[in-house]
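For reference, the structure is listed below as structure tokens.
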Number of protein chains: 2
Amino acid sequence: MELREDDPLALERQLCFALYAASRALTGLYREFLGDLGLTYPQYLVMLALWEHGTLTVKGLSRILRLDSGTLSPLLRRLEASGLLTRTRSATDERVVEIAPTRRGADLRERALDLPGRVVRAAGLDPERLADLRQALGELTASVEAAADRRPCTGAHPTTPNPQGSSPEP
Amino acid sequence: MELREDDPLALERQLCFALYAASRALTGLYREFLGDLGLTYPQYLVMLALWEHGTLTVKGLSRILRLDSGTLSPLLRRLEASGLLTRTRSATDERVVEIAPTRRGADLRERALDLPGRVVRAAGLDPERLADLRQALGELTASVEAAADRRPCTGAHPTTPNPQGSSPEP
DNA sequence: CACCAAAGGATTGCGCACAATCTTTTTATC
DNA sequence: GATAAAAAGATTGTGCGCAATCCTTTGGTG
């Protein structure tokens, strides 16, 4: 039997679980309000980025939201199907896809304007404490991402050992 | 053109996005270490709960981790397939499924003991600040969950108005 | 006992996340 | 100008999260 006070693996002691639980809880509260707009939470984040920056490339969205193309591609396809944005190949660089809000997508912003306030009020949160918390989370994210960048353990090797044209299995 | 300083929808101002980004970043850092143990991050959380409490029911795990049976059922099936836990119907109540760590599952704990410390060190985080942050996140989660409980919008009514045997829509 | 609501899990379906791979286009480099 | 490396997205496959539904068992209530 372990001493509960010294257990380094106690669930309540894990910052990672506190983050995981808080993020899911807040996302869940947002989900109730977002249902009216016909958006999921990640779709809402994409629209936030578009409302703030106007047209963006997939790469730009990926950098802002920290999501890769495997997540963004189908998500953007669904938002295009919803008529909230358009996806067009860039004329100057055929690799790039430009994501632009449609009129309907831009108009949706007004219906989202009071959403953060409503969520904060519903949960009875103190705006000042939230600002501090947001600040601390930003620093945490920066530290963790810097650490992840420093360790390319699982990262792709710059020199791939199998150039697929050389000797494929016949 | 909006005044950036007054935009209530600015992405960098959203606590929800700060939480979402921080949670994914930290989970990603854990993932690198968890690969050695053959665990995903949610599977690691289940093992943490089992190491701390011993045998638990699915309901108990659901309460601790805030995950429903739709998430837990397949996750626990995979952990059983990995040989880390067993799922057995309770003898006294045939509805209940007891989740117990196997010998291999219990032994895995030792290999996880230094994991939180390694993650904190890799990210260069200050343990004291982490404790404060964890505390603040706990309070936030409690507030948000209380708010979600107060609004049974999508939630199931305590008195469901359609007992499915009475008059289904023909 | 019959009946009926509630509880505990499992299943189904959908939408993320993320790793790995692939295709197309661009850009160096020779 | 041919060729290789890199960049930008898309695709595939796996594993969550979560809503909705279903099934079985249990606990009343008449």
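Every chain is numbered from 1 and lettered A, B, ... according to where its sequence line falls, protein lines coming before strand lines. Reckoned from all heavy atoms, side chains included, excluding hydrogens, waters and symmetry mates.
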Closest-nucleotide ordering on DNA chain D, the 5'-leading residue of A/Arg31 and B/Ala91 | A/Arg31
When the distance from [atom1] of [X] to [atom2] of [N] is rounded to whole Å, what number comes out?
X: B/Glu94; N: C/dG8; atom1: CD; atom2: P; answer: 15 Å
X: B/Arg24; N: C/dC18; atom1: CZ; atom2: C1'; answer: 10 Å
X: A/Leu39; N: C/dG15; atom1: CG; atom2: C1'; answer: 13 Å
X: B/Leu26; N: C/dC18; atom1: CG; atom2: P; answer: 12 Å
X: B/Asp68; N: C/dA7; atom1: CG; atom2: P; answer: 16 Å
X: A/Tyr44; N: C/dC16; atom1: OH; atom2: P; answer: 15 Å
X: A/Leu65; N: C/dC16; atom1: CG; atom2: C1'; answer: 13 Å
X: A/Leu34; N: C/dG15; atom1: CG; atom2: C1'; answer: 14 Å

For A/Tyr20 and D/dG17, is the shortest distance between a side-chain N/O and OP1 or OP2 below 4.0 Å?
-> yes
OP1 or OP2 of C/dC18 less than 4.0 angstrom from a side-chain nitrogen or oxygen of A/Arg66, does that happen here?
-> no
Quick one: pull up CZ in B/Phe33 and OH in B/Tyr41 and give me the separation to the nearest 0.5 Å.
-> 14.0 Å
So how far is it from A/Leu56 CG to A/Ile99 CD1, rounded to the nearest 0.5 Å?
-> 8.5 Å
Residue pair B/Leu65, A/Leu11: steps toward the side-chain contact (heavy atoms from CB on, under 4.5 Å) verdict | CA-CA 9 Å; B/Leu65 300 179; A/Leu11 200 53; 3.6 Å; yes
Under 4.0 Å protein heavy-atom contact, by nucleotide of nucleotides 8-15 of chain D - B base, S sugar-phosphate only = SSBB---S
Partner residues of A/Arg118 under the salt bridge (charged side-chain N to carboxylate O under 4.0 Å, His left out) criterion, sequence neighbours left out = A/Asp114
Exercise: do A/Thr88 and A/Thr86 side chains pair donor with acceptor under 3.5 Å | no
Atom of B/Ser73, atom of B/Arg87 and distance for their closest heavy-atom approach | O-NH1, 4.1 Å
Over 60° means perpendicular and under 30° means parallel, so classify the ring planes of A/Tyr44 and A/Tyr30, tilted if in between.
-> tilted
